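Here is the structure we will look at.
Predicted, not measured: the structure shown is a model, and the values here were computed from it. Lettering follows sequence order; numbering is per chain, from 1.
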Amino acid sequence: MNIENTLQLEISKAIEEIYGVLPNPNLVQIQKTKREFEGNFTLVVFPLLKVSKKKPEDTAHEIGERLVATSQIITSFNVVKGFLNLTLSTDFWCGVLNTISNTTDFGYAKSGSSGKTKMVEFSSPNTNKPLHLGHIRNNLLGFSVSRILEANGHRVIKVNLVNDRGIHICKSMLAWQRFGNGETPVSSGKKGDHLVGDYYVLFDKEYKKQIAELQDKGMSEEEAKVKAPIIIEAQEMLRKWEAKDSEIYSLWQTMNQWVYAGFDVTYSALGIEFDKVYYESETYILGKSIVNEGLAKGVFAKKTDGSVWVDLKDDGLDEKLLLRSDGTSVYMTQDIGTAIQRFNEYRLDDHIYVVGNEQEYHFNVLKLVMSKLGYEWSEHLYHLSYGMVQLPEGKMKSREGTVVDADELIHEMISTAQEMSEELGKLNELSAEEASKIVETIGLGALKYFILKVDPKKSMTFNPKESIDFNGNTGPFVQYTHARIQSILRKASEVGIAIPQSIEPFNLGDKERELVQLVSALPGIIKQAGEMLSPALLANFAHDLSKEYNQFYHEFSILKEEDEKVRQARLLISHEVANAIRISMGLLGIDVPNRM
RNA sequence: GGCCCCGUAGUUCAAUGGAUAGAAUAGCGGUUUCCUAAACCGUAGAUCCAAGUUCGAUUCUUGGCGGGGCUACCA
């Protein structure tokens with residue numbers, strides 16, 4: 001059941017009857033009627049003037065009159081300029097409400113019904129430092145998009161490709177060897193990823209110091225950066241690692257384990273999980289054989305020093321390195337290899353990479369290379385390119401310590417939720433366990449909503465000084481609306497009023513109809529969010545619906561309504577609004593409490 | 001320099017080419033003998049500039065101006 005489609009058909013039919021031409025469907029533009037006009041849906045008639053060959057107002061009137069005469073569901077219309085506003089019967093809206101109420105998993109496509117398998121790669125952290133706000137955006141987006149795709153009937157595989165090797169990890173390892181005195185997460189009480197991150201910062205400090213010293217001795221900055229003893233040592237360590245030197249290898253394993261334990265805590269706090277975790281140390285070899293394939297096909301070219309390149313100048317890009325002159329692989333080599341492996345192994349229909357927009361170039365190249373190699377699925381590689389999270393002063397930089405740490409932020413959000421709840425006296429009747437669960441839900445809800453309500457492709461600003469709001473267009477606002485409805489439903493059952501499964505047709509009020517109409521739009525929103533890979537649409541939906549419900553709540557009584565028919569309808573509407581809130585927030589990875 | 005993205009109230013965000021550009025927050029003024037005031041109501045406030053396409057442009061095109069990113073034998 002899709003109301004817009006039904007209307008589209010009826011309108012097209014009416015137009016054919018009046019003007020003798022069946023209009024192209026994209027000329028029949030239906031939208032929700034704006035608040036200030038009377039009606040439920042609006043037909044924009046301008047595009048139809050070619051067919052009617054009449055003035056906008058006349059066309060609108062003709063179509064409106066025909067619709068009212070022939071349609072079962074359209075009861076009246078009005079015309080404002082070129083806009084035909086249609087009002088649907090309250091019986092129809094009651095029917096919509098009943099259908100929603102009796103649909104299991106309302107809004108969801110049947111699980112697996114699309115027959116498509118989509119892989120979503122996200123998170124992809126480095127193991128040399130803890131997660132920060134940028135990672136939070138990545139994780140929340142990846143997780144939410146995965147859920148949305150599942151709700152659209154796709155099979156989704158969530159994967160994390162951990163960058164567990166490379167010079168940056170060696171930097172942390174080296175600093176730990178030199179300055180660590182055997183410190184461990186247990187001995188220091190620090191979370192493993194933070195411990196390792198601290199040594200990464202230490203390395204950088206020492207590195208900078210050595211550069212400065214060399215410059216004092218008259219060396220240029222460029223040269224000093226290359227010749228500082230500590231960086232040379234780090235590079236030596238990487239060579240040893242690649243040669244599987246046992247001491248280095250086991251240190252690497254130990255420190256990575258610390259980091260993973262730390263990441264697990266953060267992921268679990270965010271409510272995020274993966275179906276599969278890949279490690280670069282295991283995948284970085286992949287793709288090398290493809291290079292030979294590309295050379296044979298003449299897609300790639302070898303330079304005299306032995307390095308392999310692909311020339312993309314004809315495609316508006318540059319030359320890109322695929323294999324170093326010493327035969328070792330680079331980032332691109334690996335992504336080529338893993339893509340092929342994954343498409344083969346899982347028979348993917350789509351592969352979505354949730355990666356910041358700073359890597360747009362990389363993914364353009366990847367797609368082009370795959371296409372040149374003749375993989376027809378190259379069109380099905382998507383880069384969900386999201387904007388950076390910026391601070392008021394600009395970009396976050398780990399090495400300079402200007403990052404907003406993920407764990408700290410999560411902790412802060414929860415403790416703010418705690419303070420506010422106490423201040424408002426919300427937790428008085430609850431057990432400590434219940435209270436802490438609710439406080440956590442609210443704190444995380446505020447954080448997740450704050451991030452996800454913004455269009456992914458836009459960069460966003462986070463001001464640490466102005467803490468994330470709990471009032472207004474926020475997660476807690478939506479959560480509160482849900483809790484409020486649950487409270488009513490609880491009270492109803494306490495006094496023995498059952499929530500009806502369906503209602504008898506009656507004359508719905510404007511606010512009631514509006515709520516039904518909003519809820520009925522949810523399946524379409526889920527579909528659109530899936531197509532656009534945009535959780536923000538669901539956040540907006542949840543907010544609009546909550547706003548509308550709160551107005552309704554203030555204006556009308558529900559339990560105290562004396563007309564039983566009306567009371568039943570309002571209860572059912574409330575129930576379905578709560579349900580729609582729970583579903584839309586759930587797709588954002590946000591829980592909604594039953595009381596707060 | 002080249003390429004890509006972005007510019008909307010003081011601030012943070014909305015608006016498949018459609019009506020009088022929506023919210024939130026901050027500001028000002030209100031609402032609690034009544035189902036949760038983390039709520040509700042009122043008030044004031046914005047499309048960077050200039051051309052073009054269109055019945056109609058925040059949206060599309062071009063040119064400016066401003067911000068960010070990429071342009072590594074790093075990942």
Atom [atom1] of [X] and atom [atom2] of [N]: how far apart are they, to the nearest Å?
X: A:Q359; N: B:C5; atom1: CD; atom2: P; value: 17 Å
X: A:N473; N: B:A39; atom1: CG; atom2: P; value: 11 Å
X: A:D315; N: B:C4; atom1: CG; atom2: P; value: 14 Å
X: A:E360; N: B:G2; atom1: CD; atom2: P; value: 19 Å
X: A:H543; N: B:A24; atom1: NE2; atom2: P; value: 6 Å
X: A:R484; N: B:C35; atom1: CZ; atom2: P; value: 10 Å
X: A:F363; N: B:C5; atom1: CZ; atom2: C1'; value: 16 Å
X: A:M532; N: B:U16; atom1: CE; atom2: P; value: 8 Å

For the base of [N], is there a side-chain donor-acceptor partner from [X] under 3.5 Å away?
X: A:K34; N: B:U20; answer: no
X: A:S124; N: B:A75; answer: no
X: A:T481; N: B:A39; answer: no
X: A:S325; N: B:C73; answer: yes

Regarding [X], tell me which of base, sugar-phosphate or nothing describes its non-hydrogen contacts under 4.0 Å with the strands shown.
X: A:Y361; value: sugar-phosphate
X: A:H362; value: nothing
X: A:F462; value: nothing
X: A:I558; value: base
X: A:Q334; value: nothing
X: A:L49; value: nothing
X: A:N85; value: base
X: A:A483; value: base
X: A:S385; value: nothing
X: A:D455; value: sugar-phosphate
X: A:M460; value: sugar-phosphate
X: A:V44; value: base

Is [X] stacked on the base of [N], with ring centres under 5.5 Å apart and planes under 30° apart?
X: A:F477; N: B:A38; value: no
X: A:F37; N: B:A19; value: yes
X: A:Y553; N: B:A39; value: no

Check the phosphate of [N] against [X], side-chain N and O only, distance under 4.0 Å to OP1 or OP2. Yes or no?
X: A:K453; N: B:A24; result: no
X: A:K50; N: B:C55; result: no
X: A:Y331; N: B:A75; result: no
X: A:K320; N: B:A72; result: no
X: A:R35; N: B:A19; result: no
X: A:N357; N: B:C70; result: no
X: A:S307; N: B:C73; result: no
X: A:K458; N: B:G7; result: yes
X: A:Q551; N: B:C41; result: yes
X: A:R595; N: B:A38; result: no
X: A:K426; N: B:A38; result: yes

Less than 3.5 Å apart, any donor N or O on the side chain of [X] or [Y] sitting next to an acceptor on the other?
X: A:Q8; Y: A:E4; value: no
X: A:Q551; Y: A:K511; value: yes
X: A:T481; Y: A:N550; value: yes
X: A:T42; Y: A:T33; value: yes

- Which residue lies more 5' along RNA chain B, comparing A:D318 with A:Q29 via nearest heavy atoms: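 Whichever sits nearer the 5' end wins; that is A:Q29.
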- Message: On RNA chain B, compare the nucleotides closest to A:P47 and A:N471; which residue's is nearer the 5' end?
- Response: A:P47
- Message: Tell me whether A:N126 contacts the main-chain N or O of A:N128 through its side chain, where contact means a donor paired with an acceptor under 3.5 Å.
- Response: no
- Donor-acceptor contact present, side-chain A:D164 to main-chain A:E280, <3.5 Å: yes
Using the [atom1] atom as the reference point in each nucleotide, state the distance between [N] and [M] in Å, no decimals.
N: B:A38; M: B:U25; atom1: P; answer: 13 Å
N: B:C48; M: B:G67; atom1: C1'; answer: 11 Å
N: B:U16; M: B:G22; atom1: P; answer: 14 Å
N: B:U59; M: B:C6; atom1: C1'; answer: 14 Å

In the structure shown, which nucleotide is the Watson-Crick or G-U wobble counterpart of [N], with both distances under 3.5 Å?
N: B:A21; result: none
N: B:A72; result: none
N: B:A9; result: none
N: B:C28; result: B:G42
N: B:U36; result: none

- Message: How close do A:T283 and A:Q334 get, counting heavy atoms only, and between which atoms?
- Response: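 Answer, listing the atom of A:T283 first, then A:Q334: OG1-OE1, 3.3 Å.
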- Message: Would A:K303 pass as a cation-pi partner of A:W309, given that its NZ or CZ must be under 6.0 Å from the six-membered ring centre and within 45 degrees of the axis?
- Response: yes
- Item | Charged tip of A:R137 within 45° of A:Y386 ring normal and under 6.0 Å |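 Here A:R137 fails the 6.0 Å and 45° test against A:Y386.
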- Message: Any carboxylate oxygen within less than 4.0 angstrom of a Lys/Arg side-chain nitrogen, looking at A:R165 and A:E242?
- Response: yes
